[in-house]
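I have placed the structure first, in the form of structure tokens, so that the comments after it can refer back to it.
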Amino acid sequence: MRKQWRRSRWSAIVALILAAVGFVAVGSGPTLAATTTTVGPWSQSNADAALSRSNPAESVLTARTIARARYLRSVVAEPQDPNNEDDCTGGRFPVPPLLYGGAVYAMAGGWLTKTNASTGAVVWRVRQSSANFFEDLAVSSSGLVVLGSTNCISQSDPGGSIEAFRAGTGARVWSVPGLPSDPMLDHFLLSSGYVVAIGEPAAATPDVVVAVYKVATGEQVWSTVRRVSANCNAFGMRVLVAAGQVVYPSCIAKGSALVARDLATGARTWTRAGAWQLGGANSDSPTAGHHLYAVDSAGNVQDLIPQSGRTRFTLAGATRYLAVDGRRVYGNCGTSDLCAYDQATGARLWVRPGRSTSLAASAGGVLYLADGSVLNAATGADITTLWAGTATDLSVGNGHVAVVVEPRILDLYGLRGY
């Protein structure tokens with residue numbers, strides 16, 4: 001396994017030398033055409049609008065087959081332009097890659113890119129501004145690729161945009177030039193035909209903005225603008241959708257709180273006082289979402305009822321949310337352990353001492369950790385190790401695992417023939 005990994009990685013290293021113009025995909029030998037089914041896609045940066053980081057519909061890579069998974073190929077991003085001091089892309093993969101419909105969608109250096117996952121062939125790419133930070137990427141069920149960006153040159157006037165492109169051709173469909181009151185775009189996601197975005201305060205615009213747009217047209221549906229308090233740390237803010245509710249942290253003069261608003265109308269449904277850190281939820285569907293996970297001011301992970309904001313139970317010992325699937329929620333517990341809890345009762349199911357992680361993904365009954373460890377999600381037992389190093393981005397879907405360990409290299413793992 002280790003020797004094979006080293007041989008495969010040499011292909012990616014050679015590709016770095018060849019990537020002076022554009023980017024290339026590196027294969028590991030002849031492969032069979034993969035199924036282009038959309039079953040089990042990873043269509044948003046954190047899998048879905050609930051930030052579940054879970055893909056229970058993955059049916060190719062499972063606890064029975066994952067031990068046979070191998071390195072398949074790499075996509076290498078164009079290097080940073082040394083003559084352009086305003087190049088913010090850094091020649092890297094700045095947003096998590098998506099696996100959808102047999103393709104890999106990614107920001108490869110300064111290009112929005114669609115690559116055939118089974119062959120490595122580039123389907124299309126669209127050049128983006130080198131003066132932008134890129135936030136999130138998502139593919140809608142209606143066939144639009146949505147990308148968010150913020151200008152990196154001016155902190156007082158970050159600008160930025162949310163844009164939509166046709167998944168088939170890369171043609172631009174619409175563009176929204178920044179959020180209301182022009183804050184720095186921090187995060188966005190797609191849910192039920194809407195784009196939900198949150199903007200954090202910039203030097204000249206000390207407001208937190210939540211805005212909702214129609215995915216099809218970019219038309220704004222509603223927004224809320226709140227001035228943050230002077231002693232509030234509002235940076236790195238997140239938003240999610242749970243049970244049809246847009247949930248986000250608020251930090252204003254009256255105090256910190258967790259706020260929920262109706263996705264379609266923007267009407268406030270509940271407020272929960274306290275300095276909360278959002279984790280994720282088991283579903284964004286109005287009829288299926290029943291578990292919302294957030295860390296309270298004492299550092300405990302709580303299971304909240306997303307329709308009301310009330311606490312259902314506290315996950316004993318959990319200090320960080322990682323992922324939630326149809327049966328279990330995973331998190332770091334204590335100072336260094338990894339734990340799984342029963343979603344329905346909150347009871348701890350298993351503990352792996354010393355295995356806490358910065359990033360995880362659940363798919364097909366398998367739990368993937370940032371260090372390349374692959375565990376049986378039901379028991380926590382080790383199955384295999386796919387890569388060396390620590391992943392900064394990790395996606396699982398359509399029979400592939402997409403991993404960024406080195407900034408300019410996106411590695412794909414899976415079964416032979418995919």
Side-chain angles (χ1 to χ4, degrees), residues 22-23 36 38 41-49 75 77 88-89 93-117 121-152 158-180 182-199 209-223 239 241 246 263-264 266 284 395 397-398:
F23 59 92
T36 56
T38 56
W42 190 283
S43 60
Q44 300 193 47
S45 295
N46 289 284
D48 53 33
V75 174
C88 301
T89 66
F93 290 87
V95 296
L98 309 181
L99 296 164
Y100 189 97
V104 181
Y105 294 87
M107 271 300 303
W111 298 86
L112 174 60
T113 314
K114 179 180 181 178
T115 305
N116 186 301
V122 175
V123 180
W124 54 255
R125 62 176 187 163
V126 179
R127 183 68 179 178
Q128 301 296 309
S129 172
S130 63
N132 283 348
F133 289 125
F134 296 96
E135 303 304 333
D136 282 300
L137 188 62
V139 182
S140 74
S141 58
S142 60
L144 293 181
V145 182
V146 185
L147 175 68
S149 65
T150 294
N151 185 278
C152 68
S161 65
I162 302 175
E163 299 177 279
F165 305 83
R166 296 199 185 281
T169 64
R172 183 179 282 102
V173 177
W174 56 259
S175 177
V176 177
L179 297 176
D182 204 27
M184 183 181 296
L185 176 67
D186 197 31
H187 176 49
F188 84 85
L189 45 81
L190 307 185
S191 180
S192 302
Y194 297 103
V195 179
V196 182
I198 188 167
V209 177
V210 176
V212 173
Y213 307 88
K214 293 181 180 178
V215 172
T217 63
E219 176 188 355
Q220 183 176 310
V221 179
W222 61 265
S223 68
V239 64
V241 179
V246 177
L263 173 61
D284 63 325
S395 307
N398 287 163

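FYI, side chains are in, hydrogens and waters are out, and symmetry mates aren't considered; it's all heavy atoms of this structure.
- Under the 3.5 Å distance criterion, the side-chain polar atoms of Trp111 are left unmatched by any main-chain donor or acceptor of Ala77.
- In this structure, the side chain of Thr169 engages the main chain of Ala171 through a donor-acceptor pair within 3.5 Å.
- His187 places a side-chain N or O within donor-acceptor distance of the main-chain N or O of Val239, the cut-off being under 3.5 Å.
- The backbone N or O of Pro97 sits less than 3.5 Å from a side-chain atom of Ser395, completing a donor-acceptor pair.
- Shown here for Ala117 and Val104, the closest heavy-atom pair between the two residues is CB-CG2, 3.8 Å.
- How far CZ of Phe165 is from CH2 of Trp124: 7.0 Å, rounded to the nearest 0.5 Å.
- Gln128 contributes atom CD, which lies 5.5 Å from atom CD of Glu163 (distance to the nearest 0.5 angstrom).
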- side chain to side chain contact (heavy atoms under 4.5 Å, CB included) assessment of Val221 paired with Lys214: CA-CA 7 Å; Val221 179; Lys214 293 181 180 178; 3.7 Å; yes

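- Side-chain atoms of Thr113 and Thr115 form no donor-acceptor pair, as typed in the model, at a separation below 3.5 Å.
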- Message: Show, in sequence, the C-alpha distance, side-chain angles and deciding distance for Leu137 and Val145, and conclude whether the side chain to side chain contact (heavy atoms under 4.5 Å, CB included) test is met.
- Response: CA-CA 7 Å; Leu137 188 62; Val145 182; 3.8 Å; yes

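- Nearest approach of Ile162 to Trp174, heavy atoms of both residues: O-CZ3, 3.4 Å.
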- Task: With side chain to side chain contact (heavy atoms under 4.5 Å, CB included) as the test, would you mind laying out the steps for Trp222 and Val246 before giving the verdict?
- Result: CA-CA 12 Å; Trp222 61 265; Val246 177; 4.1 Å; yes

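- A distance-only check finds a donor-acceptor pair linking the side chain of Asp136 to the backbone of Phe188 [under 3.5 Å].
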- Message: Does Val209 form a side chain to side chain contact (heavy atoms under 4.5 Å, CB included) with Ile198? I'd like the steps, not just the answer.
- Response: CA-CA 6 Å; Val209 177; Ile198 188 167; over 6 Å; no

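- Contact of the Tyr105 side chain with the Leu147 side chain is not registered, since no non-hydrogen atoms from C-beta on lie closer than 4.5 Å.
- Distance alone, capped at 3.5 Å, is enough to place a donor-acceptor pair between the Gln44 side chain and the Leu190 backbone.
- To the nearest 0.5 Å, atoms OG (Ser43) and CG (Leu98) are separated by 7.0 Å.
- For the pair Ala216 and Val173, the tightest heavy-atom approach, listed with the atom from each and the gap, is O-CG1, 4.4 Å.
- Put simply, the side chain of Asn398 gets close to the backbone of Gly101: a donor and an acceptor are under 3.5 Å apart.
- In this structure, Ser142 and Val215 approach most closely via the heavy-atom pair OG-CG1, 4.4 Å.
- At least one donor-acceptor pair under 3.5 Å links the side chain of Lys114 to the backbone N or O of Ala167.
- Nearest heavy-atom pair across Ala164 and Leu144 is CB-CD1, 4.4 Å.
- Taking all atoms of both residues into account, the shortest heavy-atom contact from Leu263 to Ser192 is CD2-CB, 4.1 Å.
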